[in-house]
Amino acid sequence: MDNGIKWRAMPADFPPWDRVYAFFRRWRDHMLVREFHDRLRVRVREEAGRGAEPTAGVIDSQSVKADAVVGADREVDSSTQRRSSW
């Protein structure tokens, strides 16, 4: 998956792409990207009047990959070449 912009396509008001990438690489290698993200999350949550850390999570069933056993009881109907659930 490709997200964001290409390093060489940085906006003109940024320093040269190789300098920006050098900083990013250094931050990534020292786990600072995660640190920045965590600090920003806490700050945004507190400014919104919420607790610093989330207390619950929601998992959407469509976003969870199926386990290997899901669909194991299905057979292929040879006349239609479609899977059918019995």
Side-chain angles (χ1 to χ4, degrees):
M1 182 179 284
D2 188 13
N3 293 318
I5 64 169
K6 305 291 183 214
W7 285 109
R8 293 178 190 255
M10 296 290 290
D13 56 342
F14 277 66
W17 76 269
D18 54 345
R19 293 300 311 144
V20 175
Y21 181 69
F23 273 96
F24 168 76
R25 192 176 58 231
R26 195 173 323 147
W27 292 347
R28 181 197 60 204
D29 293 346
H30 290 93
M31 302 292 287
L32 290 174
V33 173
R34 179 178 295 240
E35 178 72 21
F36 296 155
H37 175 267
D38 292 346
R39 287 184 185 194
L40 180 60
R41 183 192 66 238
V42 168
R43 188 172 184 178
V44 167
R45 289 182 59 84
E46 288 176 344
E47 287 180 5
R50 297 160 61 187
E53 295 294 327
T55 57
V58 176
I59 298 176
D60 181 0
S61 64
Q62 292 182 352
S63 64
V64 177
K65 291 186 177 182
D67 193 304
V69 298
V70 173
D73 60 345
R74 292 181 164 202
E75 297 179 12
V76 176
D77 183 354
S78 61
S79 64
T80 63
Q81 294 300 313
R82 292 185 184 163
R83 289 181 180 233
S84 51
S85 183
W86 301 94

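These numbers come from the heavy atoms of this one structure, side chains and all, not from hydrogens, waters or symmetry mates. Treat the numbers as computed from the prediction; the structure is a model and nothing was measured.
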Identify which one of R26, R34, R28 satisfies the side chain to side chain contact (heavy atoms under 4.5 Å, CB included) criterion when paired with H30.
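By the side chain to side chain contact (heavy atoms under 4.5 Å, CB included) criterion, H30 pairs with just one of R26, R34, R28: R26.
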
Mind checking whether V42 and M31 sit in one hydrophobic cluster, side chains of I, L, V, M, F, W, Y counted as touching below 4.5 Å?
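Unlinked, V42 and M31 end up in two clusters.
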
For residues W17 and F14: do they belong to one hydrophobic cluster (side chain heavy atoms under 4.5 Å, members Ile, Leu, Val, Met, Phe, Trp, Tyr)?
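Result: yes, single cluster for both.
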
Closest contact, heavy atoms only, V20 versus P15:
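Here V20 and P15 meet closest at CG2-O, 3.7 Å.
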
Write down the atom of Y21, the atom of W7, and the distance for their closest heavy-atom approach.
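Closest approach of Y21 to W7, heavy atoms only: CD1-CE2, 3.2 Å.
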
More than 12 foreign heavy atoms under 6.0 Å from CZ of R19: is that the case here?
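Counting other residues, nucleotides and ligands, CZ of R19 stays at 12 neighbours or fewer.
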
For F24, does the CZ atom have more than 12 heavy-atom neighbours from other residues, nucleotides or ligands under 6.0 Å away?
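Atom CZ in F24 is crowded, with more than 12 foreign heavy atoms closer than 6.0 Å.
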
Under the side chain to side chain contact (heavy atoms under 4.5 Å, CB included) rule, collect the residues that match up with H37, sequence neighbours excluded.
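For H37 the side chain to side chain contact (heavy atoms under 4.5 Å, CB included) partners, ignoring immediate neighbours, are R41.
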
The criterion is side chain to side chain contact (heavy atoms under 4.5 Å, CB included); which residues satisfy it with R39, sequence neighbours excluded?
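In terms of side chain to side chain contact (heavy atoms under 4.5 Å, CB included), with neighbours along the sequence ignored, R39 is linked to E35.
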
So, taking the atom named CD in E53 and the one named CG in D38, what distance separates them when rounded to the nearest 0.5 Å?
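So the gap between those two atoms works out to 7.5 Å.
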
